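Below you'll find the structure I mean.
Sequence lines set the chain letters: A, B, ... in the order given, protein chains first and strands last, and positions in each chain run from 1. A quick note: this is a predicted structure, and the numbers were derived from the prediction, not measured.
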Amino acid sequence: MKKIIDFYMDGFNNLPDWARSIWFIVLLKLFIFFFIFKIFFFQNKLKKDFATDSERADHVIEQITKP
Amino acid sequence: MLESFDLSLVNWSRAQFALTAMYHWIFVPLTLGLGFILAFMETRYVQTGDPEWKRITKFWMKLFGINFAIGVATGIILEFEFGTNWSNYSWFVGDIFGAPLAIEGIMAFFLESTFIAVMFFGWNKVSKRAHLISTWLVAVGANLSAVWILVANAWMQNPRGMKFNPDTARNEMVNFWDVILSPTAVTKFLHTTTSGFVLAAVFVVGISAWFLLKRREILFAKRSMVVASTFGIISSIMLIATGDSSAREMAEIQPMKFAAMEALYDGQTNAPLIAIGLIGDTQQDPMDSTAREDFKIKIEIPNALSYMAFLKADAFVPGIKDLVLGNEKHGIMSYKEKIKRGYVAQQTLIQYKKAKKENSADLSMLRAKFEDQEWLDNNFAYFGYGSYFDPDPTILEENAFKMVPPISLSFYSFHIMVILGGHFLLLFIVVLWLLFKNKLANNKIILWTALWTIPFAYIASEAGWVVAEVGRQPWVVQDLMTTAMAVSQIDTMSVMITFWLFAFTFTALLIAEIKIMTKQIKTGPTKQGGKQ
């Protein structure tokens, strides 16, 4: 286990400059995706609006058979 | 019935999904193909022990890393959109894709985080052979992680291996192998991944051409080009073969898409394939029964469309109007009839829901219909068409024509994809031939062409998705669920806001990728023993 941790630590400690920029972009991107987009803009509509699967099913049936 | 859908919401939701999927697809194909190119290069290093091959591998590995890191998780946005913007769709298909997509996430994470780490960090820490195995596993793993999402897409184009449960309003998987090994899934996976291989080969050939134009790194550039153009030729041949089987399969499963991508209004035997064409201005949207084929210019290959679709030069290829209006002679059911049958299926589902609520005596009779294969084949199979029902026969026919996908967009996307695919194959052959003759380094026309072909590889790749996704409109799930049925009833403004947020975020990511990559390309491969 220690060998594996050392392997990763050594790799990250010796990152070239371009890779550091890339890691910064990756972390920023993941933060934007999961902590801004997901929380503020992308809640699961059916989970949010209905308490049970039966209610969700009724809603979907209503939607896909709209008169 | 169509009036009940908010078309502005549907169109913004489509635009948002298209934007996200197309941006995601800018990053993915290079990862799919460059992984294998790297693996071949490193294999040469292990075979020969020549440090130049190691240097070559490390340079392309760096570009692979940049592209992979910028692109990683851009696909997760699509999953967010499923739950928020396409909740009816997600619910309707949830039991088919929940598990496979979860497997994909876990598999991709473990394969890639483990072996990519060895690939980048392990040069001096693991044996040459172990490093090579890791590189190959990254290439294979990246392609395997595309399996499930492509199977999901294929299922939407050709739903099978499932059964609709009227109690839960969900499709439940009854045969895993029918889902994963459907001809559509196999063809889609092979065609999509090989298109990524071709794009990556164009990328490597183009950038190597730039080094030759700059008279830098001659050996590096030539060796890279040999690997990439050989890989490109093999991949292009596979791409043509899988494209051919895809077309044949489409002619059977999605004949409207097939007719739209050739702008074939009236069906015919010995149908010619339009090699190059310019559609006229008189196209109506939506069209009606008076519509006629109209080309300003066209160059045709006699009988080729019939042969491509059914492997017979004299086969009948149905046109758009045959499919909408029906063609008794060729056993084609009209859209009007399909709409009526779909309406019956939808009404049965409404009645079932009502009977269940009231615990009525009809409940078991209605439930039995959803178990009766004949009723399912004759009515439920057209469930989505029911949304276009109208009791007035004139409006019904107008609605039937509204189901025709955008013809110009389908036609041009298909032809751009095919023509560019031919150009790439020709380029690989010419580059390899000139390399063999040792005349490439001085041929500026070919070198500039190779460099400027890079953006065209991306255009061809995106055009392929436009054919696949625009050509199948109005369906999200072929014949069962239209795009309008699939969309969540949320505020259109919120979809517009997220559209622009994504446009900004993804554009920023793309600019970052291009800037970092061009800087690294200009820097070139490191000197022997240098830091990667």
Please find out if less than 6.0 Å separates the ring center of B/Tyr343 from that of B/Tyr388.
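When the ring centroids of B/Tyr343 and B/Tyr388 are compared, they turn out to be at least 6.0 Å apart.
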Residue, of A/Phe34, A/Trp23, A/Phe7, that accumulates the most heavy atom pairs under 4.5 Å with chain B
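Result: the option with the highest number of such pairs is A/Phe7.
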Check each atom of B/Phe383 against the heavy atoms of chain A and say whether the ones under 4.5 Å are side chain, backbone, both or neither.
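It is the side chain, since no backbone atom gets that close.
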Under 4.5 Å heavy-atom distance to chain B, tell me which part of A/Ile25 shows up: side chain, backbone, both or neither.
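Contact with chain B is through the side chain of A/Ile25 alone.
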Select one option (side chain, backbone, both, neither) describing which atoms of B/Ile66 are under 4.5 Å from chain A's heavy atoms.
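Both the backbone and the side chain of B/Ile66 come within 4.5 Å of chain A.
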Is the number of heavy atoms from other residues, nucleotides or ligands within 6.0 Å of CG (B/Asp491) greater than 12?
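Enclosed.
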Contact origin within A/Leu30 toward chain B - heavy atom pairs under 4.5 Å:
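Just its side chain gets close to chain B.
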Ring centroids only, cut at 6.0 angstrom: are A/Phe37 and A/Phe31 within range, meaning strictly under it?
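When the ring centroids of A/Phe37 and A/Phe31 are compared, they turn out to be at least 6.0 Å apart.
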For a quick check under 3.5 Å, do B/Asn85 and B/Ser13 share a side-chain donor-acceptor pair by atom type?
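Side chains of B/Asn85 and B/Ser13: no pair found under 3.5 Å.
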Cation-pi, B/Trp91 ring and B/Arg170 (6.0 angstrom, 45 degrees):
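Judged by the rule (NZ or CZ under 6.0 Å from the ring centre, within 45° of its axis), B/Arg170 counts as positioned above B/Trp91.
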B/Arg367, B/Lys353, B/Lys356 screened by side-chain contact (heavy atoms from CB on, under 4.5 Å) with B/Pro166, the one that passes:
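Option passing the side-chain contact (heavy atoms from CB on, under 4.5 Å) with B/Pro166: B/Arg367.
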So does A/Asp6 get a backbone contact from the side chain of A/Asp10, meaning a donor-acceptor N/O pair under 3.5 Å?
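No; zero donor-acceptor contacts below 3.5 Å.
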Among the listed options A/Ile36, A/Asp49, A/Leu46, A/Val26, the residue most often paired with chain B at heavy-atom distances under 4.5 Å
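The candidate making the most pairs under 4.5 Å is A/Leu46.
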Between B/Thr523 and chain A, with a heavy-atom cut-off of 4.5 Å, which part of the residue counts as in contact: side chain, backbone, both or neither?
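Contact with chain A involves no heavy atom of B/Thr523 at all.
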If we define contacts as heavy-atom pairs under 4.5 Å, which of B/Ala117, B/Ser488, B/Gly384 has the most with chain A?
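Going by pairs under 4.5 Å, I would pick B/Ala117.
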What part of B/Ser87 lies closer than 4.5 angstrom to a heavy atom of chain A: side chain, backbone, both or neither?
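Interface part for B/Ser87: both.
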Atom CZ of residue position A/Phe24 - does it have more than 12 heavy atoms of other residues, nucleotides or ligands inside 6.0 Å?
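No - once you tally the heavy atoms of other residues, nucleotides and ligands closer than 6.0 Å, there are 12 at most.
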Which bit of B/Glu81 comes within less than 4.5 Å of chain A, counting heavy atoms only: side chain, backbone, both or neither?
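When you check distances to chain A, atoms from both the backbone and side chain of B/Glu81 fall under 4.5 Å.
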Does any backbone or side-chain atom of A/Lys38 lie under 4.5 Å from a heavy atom of chain B? Answer side chain, backbone, both or neither.
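The answer is both parts of A/Lys38.
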Is B/Ile76 in contact with chain A via its backbone, its side chain, both, or neither, using a 4.5 Å heavy-atom distance?
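The side chain, not the backbone.
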Looking at A/Trp18, I'd like to know if the NZ or CZ of B/Lys519 sits under 6.0 Å from its six-membered ring centre while staying within 45 degrees of the ring's axis.
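So B/Lys519 doesn't make the cation-pi contact.
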Which portion of B/Asn165 sits near chain A, non-hydrogen atoms under 4.5 angstrom:
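Interface part for B/Asn165: neither.
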